[in-house]
Amino acid sequence: MTSLATEKSAGPSSTRSPLQASDGHAYGWQKPPIQAEPPSVSTAGQEAIDLARKAGLKLDPWQQHVLRVAMGEKPDGNWAAGEVCVNIPRQNGKGAIIEARVLWGLFIGGEQEILLSAHEFKTTTNTMKRIERLIRGCPDLLKRVKAFHKTVGREGIELHDDAAGKGRSLKYIARSRGSGRGFTSNCVIFDECMILGDDAMAALAPTSDAVDNSQLWYLGSAGIGAPSQQMGRLRRRALAAIESGVPDPVLAYMEWSVDPHVAECPAGCDQHDDIASVEALLKANPAVGYRLQVEKSMHRRLTMGDALYARERLGVGLYPSDEADTWQVIGEEAWKALAAAESTAEGAVAFAIDMTPERSYAAIAVAGRWQGGTHVEVVDHRPGTGWIKERAKELHEKWGPRCWVVDPGSPAGSLIPELEDEEDGLGVDIVQPKTRDVAAACGQFYDAVTEQALSHRNDAPLLTALAGAQQRPLGDTWAWARRNVGVDISPLVAATLAKWGLSAELDEEEEEPMPWAEYG
């Protein structure tokens, strides 16, 4: 393996083909489409592979590859990568990598303390059971165990002291603001790291700072937005290393994912992946041919729809921007100061719809008058677009809004004809702002925040959107824009247009609105 490996696919036409068995069965890519790691001269990965086999755990080629790369060593014998991230869709078998790494740390590596955490403690409990089963099935390992601790709050494995009188232990801990504080660890493993924020990082990551040759491991699936803050940082570091050709000094990053077509792709585009293809499934899922089946996996697209299938099975994630680059237009403190736990609006209300350019996510927002100002909420925010019309019909019937607003120049503009349809849609004219109206709406929203004339419910989609939004010039004014393709600002745009819709001129006489407290 070179000091910096990057194997980004050119899509379905890539010359890199999946493994083919002699019986003609297809296998997923055993090396990741995205990989970056610092240089190494040797690896302890083979020791982990051999020990796992002795304990009855046979690893797939891709799992062995991860261990060899992640456990690479410098000339002095220390880890080449002090941080390791494995980003892979669910059900591929990342748990086996954790098990092999833990066994090595306890029985070969001499690591005195290993911490294993997950977003949900039941995930950690399942890992605990699997590791115990492997140890109990291997007499040579079992005889070195002093105790399997199962008392609540003290779960873990403790080994007998070695010849130097030093003990070794594995501790399973729930992830929270304070968990891990007070520990000193040789290795910290963050499972389910697509849900890993700063509170947990602040509590757990420093536990290894006072230990020579320590490692932090992050394992999870595709990013899901704001909760994937730490994974987003790791991913940006890896992509920066790949782009520059200069390895990150401490990070080994491996990601199985596809780069899907977007609306702007020309006909015959060969630079992106077709999510409906077998090739895309193989590229993102190394366990195909081992524990995942092609036909069954692809049927999940029919069950979940394109957006969820792309995320859960093809590794297409949503990653938030880092704090250093966030909240460029409206300050975080100013926004959060306007949060209101309870609100009751009076008079007319307005709804608005927006979606991402890729049509991967869409949002419906509402605005109404409240205490001399305006209250905004994100009513719904989901993957894909197929749900929008029925949800809009439900909200329209329930609340009798003043108007619905959709920017005709936005991706959501394609929804206008079916929303206006009298038989199958809302049966009303959609208010369509012109370019100058969009600019005015953004300015009015901004002014309402600075003048403290706006309230909200601290909706997570709005927080994430504002954190990743920037201004784009629109003549002498401006409109909302996202800083990178990983940011979804549709909730913010929808809320902005909904607020504007409260005072927009309508062609028809307004209906008497219903009183409202909370939309959903």
Side-chain angles (χ1 to χ4, degrees), residues 5-19 26-36 62 87-90 92 194 221-225 228 231-232 235-236 238-245 253-286 288 292 294 297-302 304-321 355-362 383-386 410-414 468 481-490:
T6 171
E7 308 200 32
K8 295 198 74 173
S9 167
S13 64
S14 170
T15 58
R16 183 173 179 199
S17 58
L19 296 176
Y27 285 77
W29 287 27
Q30 298 303 291
K31 292 185 178 181
I34 299 176
Q35 177 175 312
W62 77 269
N87 186 346
I88 187 169
R90 296 157 57 189
N92 273 278
M194 66 286 189
S221 53
I224 57 174
S228 306
M231 180 178 275
R235 191 174 194 269
R236 284 191 296 276
L239 294 178
I242 291 171
E243 181 70 23
S244 66
Y253 183 92
M254 287 160 275
E255 176 183 319
W256 277 264
S257 64
V258 303
D259 187 9
H261 288 297
V262 295
E264 294 80 9
C265 286
C269 172
D270 62 357
Q271 299 302 307
H272 298 86
D273 299 291
D274 177 5
I275 66 169
S277 67
V278 174
E279 289 85 352
L281 179 72
L282 298 177
K283 180 180 178 181
N285 294 274
V288 170
L292 291 177
V294 170
S297 296
M298 296 192 71
H299 282 168
R300 286 293 169 261
R301 177 168 166 256
L302 303 177
M304 298 188 292
D306 286 355
L308 285 179
Y309 175 76
R311 185 181 76 190
E312 301 298 334
R313 182 49 61 215
L314 302 183
V316 180
L318 181 64
Y319 302 93
S321 299
M355 68 175 64
T356 62
E358 300 83 13
R359 309 178 75 83
S360 56
Y361 266 81
T385 61
S410 73
S414 62
R482 56 184 186 172
R483 281 198 308 281
N484 59 65
V485 294
V487 176
D488 175 9
I489 63 170
S490 63

* Asked: Using a distance-only test with no angle check, is there a side-chain donor-acceptor pair under 3.5 angstrom linking R313 and N285?
  -> yes

* Between E279 and D273, does a side chain to side chain contact (heavy atoms under 4.5 Å, CB included) hold up when you go through it step by step? -> CA-CA 8 Å; E279 289 85 352; D273 299 291; over 6 Å; no

* Answer yes or no: is there a side-chain heavy-atom contact under 4.5 Å between R359 and P411? => yes

* Parallel, tilted or perpendicular: which fits the ring planes of W62 and W256, with parallel below 30° and perpendicular above 60°? -> perpendicular

* To do: Any chance you could measure R300, atom CZ, to L292, atom CG, to the nearest 0.5 Å?
  => 10.5 Å

* **Between R235 and S228: side-chain donor-acceptor atoms closer than 3.5 Å** => no

* Asked: P260 and V258: which non-hydrogen atoms are nearest, and at how many Å?
  -> CD-O, 3.5 Å

* Shortest non-hydrogen contact between A307 and P383, atoms and distance -> CB-CB, 3.4 Å

* To do: Work out which heavy atom in P89 is nearest to a heavy atom in S221; give both atom names and the distance.
  => CA-CB, 4.2 Å

* To do: Report the distance from atom OH of Y361 to atom CG of L318, rounding to the nearest 0.5 Å.
  => 6.5 Å

* Measuring from E312:CD to R90:CZ, what's the distance to the nearest 0.5 Å? -> 5.0 Å

* Separation between CG of L281 and OG of S297, rounded to the nearest 0.5 Å -> 5.0 Å

* Which atom pair, heavy atoms only, marks the closest approach of P33 to S257? -> CG-O, 3.6 Å

* To do: Apply side chain to side chain contact (heavy atoms under 4.5 Å, CB included) to M355 and S410, showing your working.
  => CA-CA 8 Å; M355 68 175 64; S410 73; over 6 Å; no

* Asked: What's the spacing between L308 CG and L314 CG if we round to 0.5 Å?
  -> 11.5 Å

* Asked: Hey, are the side chains of P286 and N92 touching, using non-hydrogen atoms and a 4.5 Å cut-off?
  -> yes

* Structure fact -> Note: A36 and I242 closest approach over all heavy atoms is CB-CG1, 3.9 Å

* Show your reasoning for whether side chain to side chain contact (heavy atoms under 4.5 Å, CB included) applies to Y27 and V288. => CA-CA 5 Å; Y27 285 77; V288 170; over 6 Å; no

* Asked: Between N87 and M254, does a side chain to side chain contact (heavy atoms under 4.5 Å, CB included) hold up when you go through it step by step?
  -> CA-CA 6 Å; N87 186 346; M254 287 160 275; over 6 Å; no

* Salt-bridge criterion met for R482 and E358 (N-O under 4.0 Å) -> yes

* Structure fact -> dist I275:CD1 -> D259:CG (nearest 0.5 Å) comes out at 12.5 Å

